[in-house]
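Worksheet: one structure, shown below.
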There are 2 protein chains.
Amino acid sequence: MSKFEQIVKLSGYSRATVSRVINHSPHVNEETRDKIMQIMQQLDYAPNRNAVALSKGRTNQIGIVITSLHEIVLPFMNHFIEAALRYDFQTIIYTTQGDQAKEIQAFEDLRSKRVDGLLIITCVNDPGKLSSYCRYGPIISWQRMRAGQIPSVAMDQGEGYRLGLEHLLAKGITKIANVFGRPDSLNIQSRRLAYESIMKRHGLPVRSDWYRYEVYGMLDGEQAWRSLTAMEEVPEAVLCSNDYAAAGILNEARRHHLAVPEQLAIIGFDDTELSASLGLTTIHNPIKEQAWNAFYDLWNSIGDESVEASQLSFRLVKRQTT
Amino acid sequence: MSKFEQIVKLSGYSRATVSRVINHSPHVNEETRDKIMQIMQQLDYAPNRNAVALSKGRTNQIGIVITSLHEIVLPFMNHFIEAALRYDFQTIIYTTQGDQAKEIQAFEDLRSKRVDGLLIITCVNDPGKLSSYCRYGPIISWQRMRAGQIPSVAMDQGEGYRLGLEHLLAKGITKIANVFGRPDSLNIQSRRLAYESIMKRHGLPVRSDWYRYEVYGMLDGEQAWRSLTAMEEVPEAVLCSNDYAAAGILNEARRHHLAVPEQLAIIGFDDTELSASLGLTTIHNPIKEQAWNAFYDLWNSIGDESVEASQLSFRLVKRQTT
DNA sequence: TTGTAGGCGTTATCAG
DNA sequence: CTGATAACGCCTACAA
């Protein structure tokens, strides 16, 4: 006999009343509640969440789909997890290691009601295929998705990039290199587009020979700068994929006794703690707010209340590297 | 009516038979299986995991308790997650942000059968208190625990430290600084003990004025080295808390044109990818194997099979910084 | 190889 | 405020 049943027997009340006490229903006599509570204590009772989930049709779990736990995504994840927790949702992490089948597993878990919703941070399956899972429950993505597929809270990073570019041009700096991350991502396309259109508008040459790709971390940044200095002409500024890359470039530049920002201006991206501690000029990326928006989006489909997502934008944070 | 019931009705077979097909029981006529499978397809059936879990008394979920997702623990986590997945277990991450109440939540979830077992990576509650949860299910820890509390797969890092020390002494280097992480941790105590006992045995002075604490990342390492160079006498070698700290020290030393290893020898800890790419001498820490052992320990309590954990040890990896 | 009947631990809907 | 009674969706003896 389950402890729940034992409580029913021992207290002499019905299952319904015991359940009411467990769920803090107000429609219970105080004495009754006290008696039942006491018995619960004695029996060291804890509700079985599987039974609750089965009965309620909800698990209060949200899945997070990601290829691999990596530094860059931690802030977003941590904020999302915290948001979920605030609403009494636990998060379950699906690291796929880039394996399509493993990734599908997460979506199957949505189908199987193991999770009430899904957050995609990075996915490797075709978004078209994944979007067919939308009928099993709410899905939101951080990774940018083409329209008509899975909803996303990502922002067009081209917008942020513009801020950095205009800032440099306003200072009279025109020889600008670009250091990118994943070559095929939508964000890189936007960034490149922003750079190229602004340069053209100003009648300046587009230096695609100064593009560097696959630059994610500090070491990548250092290497990227070395490769740029090997060019015939060396740029006076670098717009970076993120703050880590920027930090690497700053490191390498200092090592070669380059004056920053006089000889080399550097702009990071994201406004992480690292950029603050190094005094890097950067583009503030409202990651925390994106994470909360992502959760709200799911919550609006799962729960009954409805929370308005906030409108977000990038912002230039000027520090000592420009 | 649930899809399960629909299948029962449409196929004309009993619940039991349908269940057998779902679970790939061999005791089903092939034709029967085919018919039922076809209906399952048509209905787009997927089993409800909550119902399964309730019925089986097992969720195939394991909880991971950790204060905050951080670079340093990612390798261990990723390996553990992979091990779990191999045995069809999903992992659910409890980030506590150092909040005792949040942490307890994870243990309450063990009690409530939301998870079948728990892995502690870092905990903030008193281990004595937490160990009372052992009766609700298996718990294993990566963080070192004092005997008699919660079982742990952690290794005594003092052993690894010894290897580094002996290596330096064999080279005739005796002015050795120590750069530690969390001051109160058991591992730091072991490391300090290893250092002090070995120095004494060799009749060498114990330089506790060269101890530095709270050194975790690259930036911490850089700062630690600056603080050491400000001393009256400067050490000829540093034993580090981890490879990141070592990388920071290496960076800072190079910036000041110090010859490594001639003027300064550096030994990292863990043998991460970073140490390999930088050519850091380090202590190999079998993290992957620890992660698998951790899972096996849980699995031995949860499942019916039993897997033998492997015996592990540290190993010196000599590269270019000594 | 298949079916019957009962159970897993709660919640929900009524009616009282 | 309280109690019956029926879900929730699936598994598992045991029997046939």
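Letters go in sequence order (proteins before strands), and every chain restarts at 1. Only a predicted model underlies this, so the values are computations on that prediction, with no experimental measurement involved. All heavy atoms count here, side chains included; hydrogens, waters and symmetry mates do not.
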Would you say the side chain of B/Arg20 and the base of C/dG3 hold a donor-acceptor pair, judged only by whether the two atoms sit under 3.5 Å apart? yes
Find the distance A/Arg15:CZ to C/dC8:P and express it as a whole number of Å. 11 Å
Quick check for you: among C/dT1, C/dT10, D/dT2, whose closest atom lies nearest to any side-chain atom of A/Val28? D/dT2
Between B/Trp299 and B/Tyr87, what is the ring plane arrangement, given parallel below 30°, perpendicular above 60°, and tilted in between? tilted
Rounding to a whole Å, what distance do you find between B/Ile36:CD1 and C/dT2:P? 8 Å
Short question: side chain of B/Asn60, backbone of B/Asp88 - any donor-acceptor pair under 3.5 Å? yes
B/Arg49 has an atom CZ; how far is it from atom C1' of D/dC11, in whole Å? 15 Å
For the pair made of OH in A/Tyr13 and C1' in D/dG3, what is the distance, rounded to whole Å? 12 Å
From CD1 of B/Ile22 over to P of D/dT12, roughly how many Å is that when rounded to an integer? 12 Å
Nearest-Å distance, CD1 (B/Ile7) to C1' (D/dG9)? 11 Å
Nearest-angstrom distance from the residue atom CG of A/Leu54 to C1' of C/dG7: 13 Å
Pair A/Tyr94-A/Ile92, side-chain contact (heavy atoms from CB on, under 4.5 Å): steps then yes or no: CA-CA 7 Å; A/Tyr94 296 87; A/Ile92 154 172; 3.6 Å; yes
So what does B/Ser2 touch, heavy atoms closer than 4.0 Å: a base, only the sugar-phosphate, or nothing? sugar-phosphate
Scan B/Asn50 against the nucleic acid and name what it touches under 4.0 Å (heavy atoms): base, sugar-phosphate only, or nothing. nothing
How many Å lie between CD on A/Glu5 and C1' on C/dC8, as a whole number? 11 Å
Check whether any side-chain N or O of B/Ser19 sits under 4.0 Å from OP1 or OP2 of D/dC11, and answer yes or no. yes
Of C/dT11, C/dT10, C/dG3, the nucleotide closest to the side chain of A/Lys56 is C/dT11
Heavy-atom distance under 4.5 Å between the side chains of B/Glu108 and B/Tyr133, does that happen here? yes
